[in-house]
Amino acid sequence: MVEPILKVEEIHTFIGKHHILQGVSFAVHPGKVTVLLGRNGAGKSTTLRSIMGLLPPSQGTINLKNRPIKGLKPYEISRLGIGFVPEDRGIYNLLTVEENFRVAMLQEDGKTRERMETIFDIFPDLKKFWKAKAGNLSGGQKQMLAIARPLVNQNELLLIDEPSKGLAPIIIDHIIDSIHMLKEYTVIILVEQNFYMASSLGNDFYLFDDGKTVHQGQMEELIQNEELKKKYLGISG
Amino acid sequence: MNLKWKRWFPMLIVFAIFLSPLLGINPKTYITITISGLAMGMLLFLVSSGFSLIFGFLSVLNLAHGALFAWGAYIGFTSFNLINQWTGWGGSNSIFLNFIIFLLALIISGLLVALLGIITERSVIRPVYGSHLFQIFITVGAMIVMEELIRIIWGPNDEVMPVPIKFMGSWDVFDVVVSKYPLIAIVIGFILYLVIFMILRKTKIGTIVRAGVENPEMVQVMGHNIYRYFTGVFAAGSALAAIGGGMWATFVKSIHPAMGGEVIVFALIVAIIGGLGSITGSVVGALLVGLSYNYVAYLIPKAALGITMLLLVIILSIRPTGLFPEGT
Amino acid sequence: MNPVQLFHLEERKNRFRSPSFFFRILLLAFFVFTPFMFRSFEVLDVILKIIIFSVLVASYDVILGYTGIVSLGHVLYFGIGSYFVGIFMGKLGLTSYGHLALAFLIAILISGVLSVLIGLFSLRIRAIFFAMVTLAFMEFTFILSSQLRSITGGDDGISFKLPGILAIDFSYGKFLGIEFTGRLISYYLILLLSLILFLLMLRFVHSPVGRVLQSIRDNEQRSTALGYRTYLFQVIASSFASCVAAVMGGCFVIWVRYVSPDSSLSVSIMLDVLLMVIVGGMGTLYGSIFGAAFLMVTRAFLPKLQVIIASLLPGIPLAIRLSERWLFYFGLLFIVIVYFFPKGIVGTAQEIFARRKSN
């Protein structure tokens, strides 16, 4: 058994008085895309925000390569090598694409240039609009910028929250291709409602319901298992 | 092409409005008033830019900003007097020495008030980040305390602000009276604007601050300790207020403990007009307020303040986000 | 009958039995019998100012504590009320009951309209703009009132006489050993008006509109989603509170028979109101009475304290200056209360009682 990169155990998170996460556990293994699935409000996005320290959990443990990261500040967690693409993408619309990357870049090292080349290979549009204001990009381009931005740093892990949201099917295909290419550079946790995207990218899956992880397994199993899909995702056929 | 035209059209109207007093004022007086309006605008810019940036970046409505401004004036007053006693540069006939003592006093007051700002931000404001209601209260409390401290330390009465000798009086350029100090204030204000603008545009810290104005959470997620930037911006805003305070006091030649309260309202209006968090907006807003105030004060003295309010009302109704919502 | 109605019925049954009800009666009795208990004018003056500021602060609390928006210019309406009475009585010399009532009416009308305009115009954008715009308007009016000498008397203000039974030299004769002068009649008139307005505000915050307002305060997004135009409700609350403030402004000048920018419109009164509402507790209405009492009483005693300090530490100017700057300590107190007792006196007390009950 390979040692997991990220191990989340029994975390509980409150937003105000509301007990949102009530025992979430999962493990993320290197070389894989782990997909978190579940209905709206099941606690997937909250889980990502808890990992980032934006919504610190009240109980449980989160370990990044055996190092506890619960209780650290978001910027400390980020510096340990976790990139985050929030649901609203978190693009700086008033800044240019270049400046967006400049904010994201923590340290310039020997490999920065190499990483930028990789980013431009995967997302050629970003090179094209390098000097343009991010706010003027199309929805798909903004999503690509959001995903690409954390990659200027040497990250262990990339958390992506609903990259398909609000995008046309043809662009979703494009994003799927891009994330496929990213798999060799970083480990990915994907929160996704779009089952087509989730199933074409995921290796491992975790099902969320009412703030808990209720099922886990290989993506192939879930694709076959009509009952699970119907019960937790509302997908039939 | 069409888009460019649309963007410049409001500017043209503004220019037209500012040339219109020529109908009622003779051109020479017009130039004199314009210069004092620009000077007032540049001084307002110094106060409101910090206020606006603090609001944009920290989302703190800093009602203590006026008190920081007053502290700046008082520290400038004391340091000017102390240096002058020691060197006599303030009364020297060399304009160069005049400048040195003036700038020294401003720098000292900027630095000390930046320190005061850091203390305020760390001790009083930081515990209530995220709660608008309590922030407003806390900054009101800080304002009261700071203003009262001025009364305790310097006494409750008005003081006469010293002015370097060569800064007084005016030049006569082709029969147009050009007061010296307003011109100096315009130049210093404009240089400071360029400095801030370049910092925000060209440096990494500036880029991060602009990013934070738009989305502070993402700045944290990208590995930057936003609280350090908060403190930095607060300190810089305080220093700007202090320099503004020192220069304002030299302009009106007097200081008193409550001077901040009067200016904060102007700063507020300028910041709203310009667009909260925008430096260029602050400059344009401040110049609009400064110029219109001076023109109207010359034509109908009692309506001067009214025109400022009118400006606020008009801008808020047609562009609620201010003239420059795009930042910087 | 649905559970809510049952709850209301229960509430109504216990209304006259709860200890807090007796406390309220006691408080009212205290204000009614004050003139009989204390013969000195100074005490009566302090008590009356407590009454007036209680209602003013309560009206501010309607905006702040019950709708969660911050106005920094509430005193503007207090000033409008003051000035209309002052101008009618003093400048125009129209000292009759009719004109007094007319002054009040116009002040209420103008305050209502002005606050609706300010509210519509700033709350529509962002709640924080309301704070800024109200502050700007108050400052503007303050400067206006000191500049328009011909109407407002400038910084010197206006002193005036009141009609009939309110006039200072009027005397009704003795009653229970007390001479009923115009002053005393003013006292009772103001007390009555204050009581009515206070009850009206209690009614308002417990009305359906008041409940919507509280739900907006607690979760604006949800209320918007439920289909409420949140800012319209906030505008209603703010204009109601402004009208109350205008009436209190009128009452205040009826008592002091004088109006000036510093005494009726200045930022320092706004700071007092803020202090009182914080000390008393936001969102309680009754807290305003405690807040006002605390501030007024300490302020009445402070000069005496200063004399003592000055006699104890003669020749130390800094000590004397420190003792003179009572506002400094109020500022510190203000910060401390916001940190440690954000619910104020009444809010904290309510919390303690609730905890005891549940234990």
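Order of the sequence lines sets the chain letters (A, B, ...), proteins ahead of strands, with each chain counted from 1. Just so it is clear, the structure is predicted and the values come from calculations on it, not from any experiment.
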Validation row: [X], [Y] side chains within 4.5 angstrom (heavy atoms):
| X | Y | answer |
| --- | --- | --- |
| V313(B) | V133(C) | no |
| M146(B) | F328(C) | no |
| F129(C) | L276(B) | yes |
| I128(C) | I136(B) | yes |

Let me know if [X] has heavy atoms under 4.5 Å from chain B in its side chain, its backbone, both or neither.
| X | value |
| --- | --- |
| M282(C) | side chain |
| L327(C) | both |
| L332(C) | both |

For [X], is it the side chain, the backbone, both, or neither that has a heavy atom closer than 4.5 Å to a heavy atom of chain C?
| X | answer |
| --- | --- |
| L61(B) | side chain |
| V145(B) | both |
| F266(B) | neither |
| I269(B) | side chain |

### Among A271(B), G261(B), P127(B), P156(B), residue most engaged with chain C (heavy-atom pairs, under 4.5 Å)
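Between A271(B), G261(B), P127(B), P156(B), the count favours P127(B).
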### Message
So for atom CZ, which belongs to F341(C), do other residues, nucleotides or ligands contribute more than 12 heavy atoms lying within a distance under 6.0 Å?
### Response
no
### Task
Report the C-alpha separation of I144(B) and I335(C) in whole Å, then their side-chain angles, then the decisive distance to 0.1 Å, and conclude whether the side chain to side chain contact (heavy atoms under 4.5 Å, CB included) test is met.
CA-CA 10 Å; I144(B) 298 175; I335(C) 293 175; over 6 Å; no
Looking only at N and O atoms, which donor-acceptor pairs between chain C and chain B are within less than 3.5 angstrom?
unit_1: R321(C); atom_1: NH1; unit_2: I152(B); atom_2: O; d: 2.8
unit_1: R321(C); atom_1: NH1; unit_2: I153(B); atom_2: O; d: 3.1
unit_1: R325(C); atom_1: NE; unit_2: E148(B); atom_2: OE1; d: 2.7
unit_1: R325(C); atom_1: NH2; unit_2: E148(B); atom_2: OE1; d: 3.2
unit_1: Y339(C); atom_1: OH; unit_2: S123(B); atom_2: O; d: 3.1
unit_1: Y339(C); atom_1: OH; unit_2: V124(B); atom_2: O; d: 2.4

#### Entry: A136(C) versus L312(B), closest heavy-atom pair with distance
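A136(C) and L312(B) have their closest heavy atoms at CB-CD2, 4.4 Å.
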### Query
CG of L274(C) to CZ of F137(B): how many Å apart, nearest 0.5 Å?
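With rounding to 0.5 Å, CG (L274(C)) is 6.0 Å from CZ (F137(B)).
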